[in-house]
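This report concerns only the one structure given below.
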Protein chains: 2
Amino acid sequence: MSLKHGLLGLLNAGAMTGYELDRSFKRSLSFVWKAQTSQIYRELTAMEAKGWLESQRVVQEEKPNKRLYSITDAGREELNRWLSVPKPDIEKAFDVRNGFLMRVLLAGETTNEEALAMLVAFREKCLQDLSSYGAIYQSIQSSNKTEETAKREKYWMLSAKFGEGQYRAALEWVEEAIDLLRSEENEISRN
Amino acid sequence: MSLKHGLLGLLNAGAMTGYELDRSFKRSLSFVWKAQTSQIYRELTAMEAKGWLESQRVVQEEKPNKRLYSITDAGREELNRWLSVPKPDIEKAFDVRNGFLMRVLLAGETTNEEALAMLVAFREKCLQDLSSYGAIYQSIQSSNKTEETAKREKYWMLSAKFGEGQYRAALEWVEEAIDLLRSEENEISRN
DNA sequence: TTAATCATGTAACACGTTACATGATTGC
DNA sequence: GCAATCATGTAACGTGTTACATGATTAA
């Protein structure tokens with residue numbers, strides 16, 4: 001149930017609307033968890049029903065009305081409970097489900113050209129995503145520095161760096177893989 | 001729908017039972033896709049209903065009876081169709097959902113000791129999983145070498161190496177993170 | 001004698017994805 | 001004039017998880 005607990009964690013730092021939570025997930029939590037907008041709204045409804053959250057409607061004139069969610073005492077208890085489960089989701093940290101890799105694995109059933117094209121596209125994706133880490137680090141650090149926020153930022157930065165490391169490893173892998181396939185192509189054309 | 005297509009890919013290399021497919025996923029496909037046993041049986045039933053597979057019951061005396069699945073022409077067509085979708089799951093390659101990292105991110109809400117304990121457990125997990133890669137590579141290469149199997153093995157090895165690279169990057173990350181937290185602890189105790 | 005392996009599933013529930021709907025405002 | 005942003009959701013469907021059930025054989 002990490003999505004619910006992620007939302008609890010964000011709301012523990014201050015009240016937010018569903019829209020703002022969605023943007024946090026998309027902008028600066030994407031290396032940890034990806035969620036659809038519709039899912040966030042559904043989870044918020046479910047969490048309010050459980051008593052973990054309260055919401056109040058904020059009427060606006062220039063913009064659509066919004067609903068501001070805040071964490072309740074029961075929500076804080078649940079967050080602390082989840083954070084202190086002795087053996088957390090370490091087993092699930094590498095609980096992979098990678099559709100791209102599945103295609104690499106099965107690329108033996110197609111042509112080498114198709115496989116190469118796929119790897120080249122993947123390299124582009126890695127480069128693009130890696131280039132956004134500067135902005136991610138900045139967005140983590142930009143808040144005002146109290147003792148509490150400094151502690152939060154430290155762990156936030158750590159988990160962002162995990163994501164960056166995974167991308168760097170992926171990039172190294174794909175460059176070696178492209179070299180391998182290209183060198184094989186040359187061998188074939190020399191024969 | 002990568003699980004269905006992964007199963008198609010394996011069955012394209014030869015008929016198998018649900019049990020054997022489950023073991024393939026658990027033993028040598030775990031770096032690409034993790035699936036529950038019950039899910040594999042459910043998918044096989046659904047795939048047979050779609051006409052992608054056929055099964056025949058094999059009666060055994062010493063062991064329980066089993067059901068042997070083979071791919072149909074319709075199944076091979078579907079596999080080829082999926083493999084040649086121009087823009088595959090590259091967007092989903094880093095479609096992260098990592099409960100462990102979520103806890104790292106939110107560790108600012110707990111004590112540093114709890115965070116450290118979690119990281120130490122994660123390091124153990126990385127070391128353990130990394131130590132199994134030798135066996136994975138062997139299990140990929142151990143089949144008899146025809147041209148067809150050699151091509152399959154090449155891509156299989158590539159995707160396994162991706163997994164190993166991710167683990168190595170994770171290990172480097174966790175060691176740096178542990179050092180960081182320990183050095184902070186020392187700073188505090190010197191004051 | 002306890003656990004693991006072989007072999008197959010069902011049922012209920014939780015979670016994730018896709019498509020759709022609404023409608024004003026602001027920037028190119 | 002068109003796309004993006006703000007802001008909220010519903011409905012249907014697809015996929016993943018957990019718990020349970022059965023029962024023989026073999027190795028530590």
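Letters A, B, ... mirror the listed sequences (proteins, then strands); counts begin at 1. The model shown is predicted, which means the values in this text are computed figures rather than measured ones. Any value given below was found using the heavy atoms of this structure, including those in side chains, with hydrogens, waters and symmetry copies removed.
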Categorize B/Arg42 for me: base, sugar-phosphate, or nothing, with a 4.0 angstrom heavy-atom threshold over every strand shown. base
Closest listed nucleotide, where the reference is the side chain of B/Tyr19 and the choices are D/dT18, C/dT18, C/dT5: C/dT5
From C-beta outward on A/Arg57, which listed nucleotide comes closest to its side chain: D/dG9, C/dC15, D/dT17? D/dG9
Rounded to the nearest 0.5 Å, how far does OH of A/Tyr41 lie from OH of A/Tyr19? 8.0 Å
Among D/dT17, D/dA7, C/dG9, the one nearest any side-chain atom of A/Asp95 is D/dT17
Against the side chain of B/Leu3, the closest entry in C/dG16, D/dT15, D/dG16 is D/dG16
Using a 4.0 Å heavy-atom cut-off across all strands, classify A/Thr17 as base, sugar-phosphate, or nothing. sugar-phosphate
Presence of B/Lys34 side-chain N/O under 4.0 Å of D/dT17 phosphate oxygens OP1/OP2: no
Rounded to whole Å, please give me the gap between CH2 in A/Trp33 and C1' in C/dA14. 12 Å
Under the 3.5 angstrom rule, does the side chain of B/Glu20 hit a backbone N or O of B/Thr17 as a donor-acceptor pair? yes
At under 4.0 Å between heavy atoms, what does B/Arg97 touch on the DNA or RNA strands: base, sugar-phosphate, or nothing? sugar-phosphate
Where the side chain of B/Met1 is defined as all heavy atoms beyond and including C-beta, which of C/dG16, D/dT15, C/dA7 is the nearest nucleotide? D/dT15
Respond yes when some side-chain nitrogen or oxygen of B/Gln36 is under 4.0 Å from OP1 or OP2 of D/dT17, and no when none is. yes
If you go through the side-chain atoms of A/Thr37, does one of them form a donor-acceptor pair with the base of D/dT8 closer than 3.5 Å? no
A/Lys26 NZ to C/dT17 P, in whole Å, measures 10 Å
Kindly give the heavy-atom pair with the smallest separation between A/Met16 and A/Ser24, and that separation in Å. SD-OG, 4.2 Å
Atom-pair distance (CG on B/Asp22; C1' on D/dT17), nearest Å: 14 Å
Tell me whether the side-chain N/O atoms of B/Lys4 come closer than 4.0 Å to OP1 or OP2 in D/dT15. yes
By nearest atom, which of the nucleotides C/dT8, D/dT15, C/dC15 is closest to the B/Tyr41 side chain? C/dT8
Can the ring centres of A/Tyr167 and B/Phe94 be said to be less than 6.0 Å apart? yes
Can you tell me if NZ on A/Lys151 sees more than 12 non-hydrogen neighbours from other groups inside 6.0 Å? yes
Which whole-number value in Å describes the distance from A/Met16 CE to D/dA7 C1'? 16 Å
A/Leu7 CG - C/dC15 C1' separation (whole Å): 13 Å
Could you state the NZ-P distance from A/Lys66 to D/dT5, rounded to the nearest angstrom? 17 Å
Could you grab the distance from atom CG of B/Leu7 to atom CZ of B/Phe25, nearest 0.5 Å is fine? 4.5 Å
If I take atom CE in residue B/Met102 and atom C1' in nucleotide C/dC15, what distance separates them, rounded to the nearest angstrom? 13 Å
Taking the nucleotide of DNA chain C with the nearest heavy atom to each, does B/Thr45 or B/Arg27 sit closer to the 5' end? B/Arg27
Starting from P on D/dG16, measure out to NZ on B/Lys92 and report it in whole angstrom. 10 Å
